[in-house]
2 protein chains.
Amino acid sequence: MEQKKSFTIYDLARKLNYSPSTISRALKNHHSISDKTIAIVKKAAEEEGYRPNILAASLRNNQSKTIGVLVTRINRPFISSLISGIENAASKEGYNILISQSNDVYKNEVTSAKALFDSRVCGIIASLGMETESINHFKQFSKMNIPVVFVDRVPADFKSYTVVIDNYTAAFNATTHLIEQGCKRIAHFAGAQHLNVYRDRKKGYVDALVENGLAVDDSLIITMKSLSAEEGEASTEQLMQTTNPPDGIFCSNDTTAVSAILTLKKMGVKIPEEVAVIGFNDDPISSIVEPALSTVSHPAMEMGELCTQRILQHVLKKEGTPKIAECSVLDTHLIIRASSTRKNT
Amino acid sequence: MEQKKSFTIYDLARKLNYSPSTISRALKNHHSISDKTIAIVKKAAEEEGYRPNILAASLRNNQSKTIGVLVTRINRPFISSLISGIENAASKEGYNILISQSNDVYKNEVTSAKALFDSRVCGIIASLGMETESINHFKQFSKMNIPVVFVDRVPADFKSYTVVIDNYTAAFNATTHLIEQGCKRIAHFAGAQHLNVYRDRKKGYVDALVENGLAVDDSLIITMKSLSAEEGEASTEQLMQTTNPPDGIFCSNDTTAVSAILTLKKMGVKIPEEVAVIGFNDDPISSIVEPALSTVSHPAMEMGELCTQRILQHVLKKEGTPKIAECSVLDTHLIIRASSTRKNT
DNA sequence: GAAAATTAGACAATCGATTGCGTTAATTGC
DNA sequence: GCAATTAACGCAATCGATTGTCTAATTTTC
């Protein structure tokens, strides 16, 4: 059974004895069509249940009102909030969003980028996967002057737009906070170092230690592949079994931080007295775990909205691709909860 | 600055001295094109970086390989996992997904449905909003023989596909479990009763009570608008301040269940000894809260995959719209954790 | 009152891929 | 050896909306 064919402006034109061009212009309130005609056309369109075919319009204009979104995994708190922000800002302006996830597999990311390109998105918003080191699959967009916005996990050098948080400062502040709470040996759960977010967080951590006259002990820095709960548990155990265990842990995400808390509790270690813990992201679980996890909050929704605005700004103003990376850095917020509060202030 | 125009099959045709139709067929391995020509065309396409214009193909075929997804909020654990499942199954078959969220506002849902329709999606997957009572905005799809799949929150009577869990049985089992654990006065946090999911959960709760010879006390059933943490807290306080408080609560979602646990603890009520609690959804927070929350797990990802399969099955086999609601009911799984475990079995 | 200007709308090309049908040329059949 | 197939490819219409250009009718101008 085939799809029924739809009612088009040609059908309307025939019915009203106007030309298709007049119908098209009338529906768009073009100035060269009389008010009377516009009223007639719109009324008939309404009655007949006419709906424009966006595919046709997009093809003709060589421009779809669709924004491509390429992420690693949709079902992660930060990502889903990001997408939510993107969608809200987009739909407000009449744009649709086409979503693709790579599941952190590089090959999928390349395939998805192609698919989004083929769909002629008017712009693309992407957050890089764990495996991604080359970004050649985004060059096709730039070549066609289609704006690319990288968000959160961004490449080092790509002449385009970027929306990030200040990972360095956030990490610096989080670590400083632990130091202020009396921690002397602070461990760090780091993520893959080819990704800016984890690299910057580590840098902030190291610099905070140095600035406060604390030694940087490489044995306290554990770099994980995926920052999963399992890795968090294993690393916590490993750290605590050494002769000189840490008295604080700055984790690159909440998943490992919560995992650390649960593991420490299981081991009978007091939090925050013996080991203070701080995470990153402000996932829902962070406020539920006991003791509640101190963390760094991402303005995920706003980041998404900003990404959309970047795309629209480029598209509507017909700007050229920026000659340099045009970067928006958003502020983070340190949320201090029980897992790191040793002193009453 | 305009978008550059792209390299098309016409450009390829000119370059290779073939007709556009031959190019088109060669790229699709059409049998009437010689292997030699196919090789030549594909090689040149690759070299020139040719990319098909999906808009053009879709317009011509009156069929886009795009599935529309209409949900209430993207950034909710269940929904984002659902979408993830939809996307995985879709991309595997070369389909894209266009996402729109209503934020639980009926007007948005109608607008989004229109937008997805205008984009000529080949099918639509929808979960109804809290406010939604009429579903006329989905009729346009059926009229055009575009498959509609309702998932989780589904309308009562719509001749189309449906993917749900067995809310009744899940609720029945959850309540029975509480009874088995010795609860005699079980409260229920119910959701809006015009939605199937909450109506069925309530029914399952009521029937389990009846079947076990317990009285159904309307004062123990609290119907909430949005099942938010705030409502959960307020309702818990209200319940516990009565002269005859409950000794168990079956909550329609995890948000209110966790909220109940936190509130009970704040009030000094022992869980599960004085009040046992069980939730619904298996959100990440449920395993983190203390005591860990017993709950009902949704197979969210699988539901998403199944939705996509339903669409593809309809599209690929060119089936007609089902004459009756064609319903897939998935099994749930009762996860028993500390919040409801009174007896050692 | 005739030329100029404005108004209202029609014509036809265009976007890029697809496909039914037609046309050669090569191959097969008897 | 000639008709009948088959193979390989071209022609041109089509999907539905958009838009530059053109035309006819009406209004304005001096």
Side-chain angles (χ1 to χ4, degrees), chain A residues 2-42 44-45 48-66 94 117-122 144, chain B residues 2-42 44-45 48-66 94 117-122 144:
Chain A
E2 297 295 322
Q3 246 180 59
K4 312 259 189 331
K5 66 185 208 301
S6 44
F7 192 84
T8 73
I9 56 170
Y10 291 92
D11 300 318
L12 256 184
R14 206 173 311 121
K15 175 151 303 213
L16 299 178
N17 256 324
Y18 278 120
S19 78
S21 50
T22 299
I23 304 290
S24 174
R25 291 188 167 107
L27 289 171
K28 293 203 142 29
N29 297 315
H30 193 278
H31 65 270
S32 83
I33 307 295
S34 71
D35 291 350
K36 187 174 128 253
T37 305
I38 289 181
I40 292 174
V41 171
K42 286 195 172 174
E48 300 289 341
Y50 166 78
R51 297 267 73 212
N53 186 323
I54 296 212
L55 295 176
S58 299
L59 174 60
R60 168 63 216 235
N61 298 331
N62 194 28
Q63 236 266 77
S64 76
K65 291 180 81 168
T66 300
F117 181 85
D118 295 350
S119 290
R120 295 303 192 266
V121 294
C122 69
M144 299 287 292
Chain B
E2 297 295 324
Q3 245 179 59
K4 310 262 190 331
K5 67 183 204 306
S6 44
F7 191 84
T8 73
I9 56 169
Y10 292 92
D11 300 318
L12 257 184
R14 205 172 313 120
K15 175 151 304 216
L16 299 177
N17 257 323
Y18 278 120
S19 78
S21 47
T22 298
I23 303 291
S24 173
R25 291 187 169 110
L27 290 172
K28 294 201 142 31
N29 296 316
H30 193 278
H31 66 271
S32 82
I33 306 295
S34 71
D35 291 350
K36 188 176 128 244
T37 306
I38 289 182
I40 292 174
V41 170
K42 286 195 173 175
E48 300 290 340
Y50 165 77
R51 296 268 74 213
N53 186 324
I54 296 211
L55 296 177
S58 300
L59 174 61
R60 169 62 217 241
N61 297 334
N62 195 30
Q63 235 265 77
S64 76
K65 292 181 80 167
T66 301
F117 181 86
D118 295 350
S119 292
R120 295 303 190 268
V121 293
C122 68
M144 299 288 290

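Quick note on labels: first sequence line is chain A, next is B, and so on, each numbered from 1.
Of the candidate nucleotides C:dA17, C:dA10, C:dA8, C:dA8 has the atom lying nearest to any side-chain atom of A:Ser32. Of the candidates D:dC9, C:dG16, C:dC15, C:dG16 carries the atom nearest the B:Tyr10 side chain, counting heavy atoms from C-beta on. The side chain of B:Ser19 approaches D:dC11 more closely than any other nucleotide in the set D:dA17, D:dC15, D:dC11. For B:Ser24, whose side chain is taken as the heavy atoms from C-beta onward, the closest listed nucleotide among C:dA8, C:dA17, D:dC9 is C:dA17. Taking every side-chain heavy atom of B:Ser21 into account, D:dA12 is the closest of D:dA12, D:dA17, C:dA17. In this structure, the nucleotide among D:dG16, D:dT18, C:dT19 sitting nearest to the side chain of B:Leu59 is D:dG16.
Residue contacts shown for A:Asp118 are absent, as no nucleic acid heavy atom lies under 4.0 Å away. At a threshold of 4.0 angstrom between heavy atoms, the contacts of B:Asp35 with the nucleic acid are absent. Across all strands shown, A:Ser58 has no heavy atoms under 4.0 Å from either base or sugar-phosphate atoms. Looking at heavy-atom distances under 4.0 Å, A:Ser34 makes contact with sugar-phosphate atoms alone, never a base. Among the atoms of the strands shown, only primed sugar atoms or phosphate atoms (P, OP1, OP2) are found under 4.0 Å from some heavy atom of A:Thr8. Looking at heavy-atom distances under 4.0 Å, B:Phe7 makes no contact with the nucleic acid at all.
Across the protein-nucleic acid pair, B:Ile40 atom CD1 and D:dC9 atom C1' stand 13 Å apart, rounded to whole Å. Regarding B:Arg14, its CZ atom lies at a distance of 12 Å from the P atom of C:dA17, rounded to whole Å. Regarding A:Arg60, its CZ atom lies at a distance of 8 Å from the C1' atom of C:dA13, rounded to whole Å. One atom, CG of A:Asn53, and another, P of C:dC15, lie 18 Å apart when rounded to the nearest Å. Rounded to whole Å, the distance from CG on B:Asp11 to P on C:dG16 is 8 Å. The CG-C1' distance, from B:Leu27 to C:dT19, rounds to 15 Å in whole Å. When rounded to the nearest whole Å, the span between CG of B:Asn17 and P of D:dC9 equals 13 Å. We find that NZ of B:Lys28 is positioned 16 Å from P of C:dG16, with the value rounded to whole Å.
Summary of the strand contacts: B:Arg25 and B:Pro52 both lie near DNA chain C, and taking for each the nucleotide with the nearest heavy atom, the more 5' one is attributed to B:Pro52. Nearer to the 5' terminus of DNA chain C, by closest-nucleotide assignment, is the contact made by B:Leu55 (compared with the other of B:Leu55 and B:Thr22). Checking B:Ile38 against B:Ala56, the closest nucleotide of DNA chain D that is more toward the 5' end is the one next to B:Ile38.
Taking 3.5 Å as the limit, the base of D:dC9 and the side chain of B:Thr37 contain no donor-acceptor pair of atoms between them.
Contact annotation: the side chain of B:Met144 approaches that of A:Ser6 to within less than 4.5 Å [non-hydrogen atoms, C-beta and beyond]. For the pair A:Val41/A:Ile38, no side-chain contact is recorded, criterion being any heavy-atom separation below 4.5 Å from C-beta on. Side-chain contact between B:Thr22 and B:Leu16: absent, with no pair of heavy atoms (C-beta onward) separated by less than 4.5 Å. Looking at A:Ile23 and A:Tyr50, their side chains never come closer than 4.5 Å, going by heavy atoms from C-beta outward. A 4.5 Å side-chain heavy-atom check between A:Arg120 and B:Asn53 finds at least one atom pair inside the cut-off.
Under a cut-off of 6.0 angstrom, the local environment of CG in B:Asn29 is crowded, with over 12 non-hydrogen atoms contributed by other residues, nucleotides or ligands.
Distances shown here put a side-chain N or O of A:Asn61 below 4.0 Å from the OP1 or OP2 atom of D:dT19.
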